[in-house]
Every structure is written in C-alpha cells, then in structure tokens.
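Single-structure report; data block below.
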2 protein chains.
Amino acid sequence: MLSQTQENYLKCIYKLSEEITEGATTNTIAEVLKTKAASVTSMLKKLASKKLIHYEKYQAVSLTAKGKKEALSIIRNHRLWEYFLVHKLNFNWDEVHDLAEELEHVNSDLLIKRLDMFLGFPKFDPHGDPIPDPNGKIVHLKALPLCECKTGDSVIISGVCEHSTEFLTYLKEKGLTLGKKITIEQIIPFDSSMKLLLNKKTSLFVSYKITQNILVQWA
Amino acid sequence: MLSQTQENYLKCIYKLSEEITEGATTNTIAEVLKTKAASVTSMLKKLASKKLIHYEKYQAVSLTAKGKKEALSIIRNHRLWEYFLVHKLNFNWDEVHDLAEELEHVNSDLLIKRLDMFLGFPKFDPHGDPIPDPNGKIVHLKALPLCECKTGDSVIISGVCEHSTEFLTYLKEKGLTLGKKITIEQIIPFDSSMKLLLNKKTSLFVSYKITQNILVQWA
DNA sequence: TAATTTTTTTTGATTAGTCTAAATTTATTT
DNA sequence: AAATAAATTTAGACTAATCAAAAAAAATTA
Ligand SMILES: [Mn+2]
Ligand SMILES: [Mn+2]
Ligand SMILES: [Mn+2]
Ligand SMILES: [Mn+2]
C-alpha cells in the first residue's frame, strides 16, 4: 500500500521526468512538493526500497515500470475527478485542481471504472490534458506552446502548461479557454510579448511568460 | 485542521453517544475503530486539548458543540457520497460504505454544496439514514427495530442499524431492501427468530440478531 | 588545479498515530 | 472490607513524514 505522500512523490517524479529539463532531482522535487531536500532524500530511499524508482546517490531518479504504472493511475484519477467537478458539479476549470489533488488518492479501481463510465469515457480533462486509460496508456497530443508561433498564425487553444489558480483564472477572464481560436496579430521583438486577435473586434496583449504556458494546435 | 484519524474518532464518539448503551468509553471506541485502548486514551487527550470533546479521566467522553458540528459535517459528507455512489455510479448499497469512509474526508464546503445540489438535495442515504443539513441539523425518524414487532404486524423497511457488507449483502439477496413491505407471520418464542411474509408466495426465516438490525415503520 | 558554490546526504529532533506491557483506578464479588 | 476482575491510563518504543544544521560530494569558477 502506498501512502498519499508517496503517491504525490511518484506523480511529481513522473511529471518531472516527462519534462525536457534537468529531470527529477532532489531539489526540484523538493521545490514542486514544497518540502525540503532532506525530506526528499529520505523518501527517495523508501520509494527505491519499494522498487518504485531507480535511485542512485547524487543522481536524478526515474520511475520503474511499477512506479510509472502507479503514477499514471493517480494521474488518471486526478483528471477524471477534474472532469467530474467541471462537467457534473459545475466548477470552473480554475477551481478544481486542489480538490482533485485529494480525490485522486481514494483508491478503488471499481470507483474509477464506474466514474469513467458515468462521465462517458472522456479522453481529456478540463485543462486539455489527456486522461490515461485503465492500463496507463496515454496519448501525447501534438500541441506547441503559443510562444513558438509566428505573426499571422491562426491557432486553437488546446491546453496549458501551468495549472495554478491564478493563471487559469486569468485565462478564463480574458476568454482564453480551451477550443478558443486566436490569431497572432503582432510579436514585440524586444520582450517577445504578443498581441492576439480574439475576434474581429478585440485584441489582447500577453507577456512571453503567458505565451509559454498556453498550448495550441493549428486551426 | 483535523486529521482524517481525528475526524474518524469524532464520528465514532458521536455515534456511540447517540446509542442507548454505555456511551463513548475508551474500550468501545477502541473496538469500533479497531485500535487499542491505549491509543484511544492518547487521542482523547488530543481531542480534548482541541476543545472537541469533554474528557475526564476514567469517564466516558462526550462531544462539545464544536466537536458535534465537526462530526455531523463528516456524517453529512459520508451520506451524500453514499447517495452519489448508489444513484449516480450504480453501486449497490452493500458496496459503498468503505468508499464513503474515504471520500468523507475530502474537506470542502463548496464541493459538498455542489454535490448536494447535483444530487437534488437528498434527505436520506441509501441505508435510510438521514442526511444532516449544512448546519448540522438532523431529523430523527421514528423507526423501530423489527424485533419489537408482534405477530401479524405489517411494516415497511426504513433503515438498518448495521452497515457491514456481509449484513447488507444478505438483505439484498433476500430482497429485504429499503421500502420493502413485510408481514410478521410467526415469532418463535424459544429464540425470538421470525418467519416473515415477503409476498403472497414466499416467506423467510430470520434470526433475532437480524431482526435487531432492521428498522421498520408502520405500513 | 585549487577554491568556491551548489546539490545532496547524513545526523539528530519533532509530531502524529500506533502498540505492548505495566501500573493505576474503578467496579464487582465474595 | 478485602480480594478479584475489568477498564483505563502511563511508560516506553516504533514507523512515517517532516525539518534544521552539519557533512560530504559534485559541479563551477577562477
Ligand atoms: Mn495529491
Ligand atoms: Mn488538469
Ligand atoms: Mn472515515
Ligand atoms: Mn449509510
């Protein structure tokens, strides 16, 4: 049996391993989970002893097949609960992350199976993230960050990189929601900020940091 | 903030205090929560220091107003989740208790408010137990245990005292579900077991222990 | 290469919850 | 009232998860 804490570590390691950056190192894990490096080291030893991660002193860790399966199962739970909260309980997409963070740990395959059926087997969560199937299979959609687009491109918002309430609330208020079609009107070379055309009438300025965290697909 | 364990203790103390029996003593709490008396004592001290219970050495404990409010809130969560599992996810009434035991600890007033609305503000859970309102107000329905009925009585099953899977599965298999009308055909004086008339054709023998745990109302 | 900085691990403590065994208090018998 | 039994608390130890401070290793810089 895994504790809630251990499950959160696995999920964190999974996500860090997916990123292009330095990988799941002691410090980055500590930063993401808002804990201290010393705590991480001791947890890594525990996870290694349970054969959930590959751990070698001073090295970034990676998940074993077993650990990856666990991580994907929790991510599946998380995203299905988010879908439930948004589409059944009428929450906004910026309100559901913390709740799903707790619900994901209720461990029952049957519960998740029934929930999945009840929701109509959704493939994506409210933030555009793919929901792994019961076997942990996950589709990687070919989306690119808005910042990689050129002037004149017309694209559709298909996801976000950042899930904080502040960021999602901002997008919601500006009308930058999933499925929204936008056109890049102008890119300011100095700071790489963008002027977006939301519709015939309105345009919107966004910083580079914003464009880094919005994922789009070709319209 | 209360831990999951502390919430379970409060709920347990609430239920034991409601019963006609000896009340919430160290040993009974230990028995219900499947822990040891020593553990209970140390937890009682902690709950007392948080002003959640009245505790005096060697005496049965009782909830403070604050403690009672907490307990009723958790019971509300529990019963709403049970209702959800049965009426939305198609679980049977004998499958939901353990899941609700976990879901009840996801602490969010907004979540419960939305869930309540989504379910259509149910007043009773799948076992016939009343769901406390958001303020902790709870109706006490006037049901009596089947064992107190006399030969010839016609009654309707309105609840159960015992929530174990074994007991509920037994009732389900025998067709003794909520709302079922039954007539007491015969009471065996020797062991107080009953012969119940389920319909024109079929009757069923049940032990005294069974009749103690079925709650009924007059038909 | 040597010095410095950063990262990671170790050490020793803390808190929550639990347990066994022993001590104490309360209740029941004789 | 004394002896016995039952219930409860205390004492001491354990695991899981955490932290601060110190030590050690790795990476960087000079
Ligand atoms: Mn979580
Ligand atoms: Mn999401
Ligand atoms: Mn519980
Ligand atoms: Mn119930």
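A note on names: the letters A, B, ... follow the listed sequences, proteins ahead of strands, and every chain is numbered from 1.
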Whichever of Ala38(A) and Gln59(A) has its nearest DNA chain D nucleotide further upstream toward 5' | Ala38(A)
Separation of dT8(D) atom P from Lys36(B) atom NZ, nearest Å, is 16 Å
Whole angstrom is fine here: how far is it from CD in Glu31(B) over to P in dA6(D)?
-> 15 Å
Can you figure out which of dC19(C), dT8(C), dA17(D) approaches the side chain of Thr25(A) most closely?
-> dT8(C)
Look at atom NZ of Lys209(B) and say whether more than 12 heavy atoms of other residues, nucleotides or ligands are closer to it than 6.0 Å.
-> no
Under 30°, 30 to 60°, or over 60°: which ring-plane class applies to Phe84(B) and Trp81(B), parallel, tilted or perpendicular?
-> perpendicular
Ranking dG17(C), dT10(D), dT10(C) by distance to the side chain of Lys57(B), first place goes to dT10(D)
For the pair made of CG in Leu33(B) and C1' in dG17(C), what is the distance, rounded to whole Å?
-> 13 Å
Describe, in one word, how the ring planes of His163(B) and His97(B) are oriented to each other, choosing from parallel (under 30°), tilted (30 to 60°) and perpendicular (over 60°).
-> tilted
Distance, rounded to the nearest Å, where Asn27(B) contributes CG and dA6(D) contributes P = 12 Å
dG17(C) OP1/OP2 closer than 4.0 Å to side-chain N/O of Gln6(B) | yes
Tyr9(A) side chain near dA16(D) phosphate (N/O to OP1/OP2, under 4.0 Å) | no
Side-chain N,O (Lys46(B)) to OP1/OP2 (dG17(C)) below 4.0 Å | yes
Euclidean distance, atom OH of residue Tyr58(B) to atom C1' of dT8(D) [Å, nearest integer] | 6 Å
side-chain N/O Thr41(B) vs dT10(D) OP1/OP2, d < 4.0 Å = no
Using atom CD of Glu56(B) as one end and atom C1' of dT25(C) as the other, report the distance to the nearest whole Å.
-> 15 Å
Whole-Å distance, Met1(B) CE to dA16(C) P, equals 14 Å
Looking at side-chain heavy atoms only, is the closest gap between Asn90(A) and Met117(B) below 4.5 Å?
-> no
Would a 4.5 Å heavy-atom cut-off, applied to side chains only, mark Arg79(B) and Ile138(B) as touching?
-> yes
CD1 of Ile29(A) versus C1' of dT8(C): gap in Å, rounded?
-> 12 Å
Phosphate OP1/OP2 of dC19(C) contacted by Ser39(B) side-chain N/O (<4.0 Å) | yes
Taking only the side-chain nitrogens and oxygens of Ser42(A), find out if one of them lies under 4.0 Å from OP1 or OP2 of dA17(D).
-> no
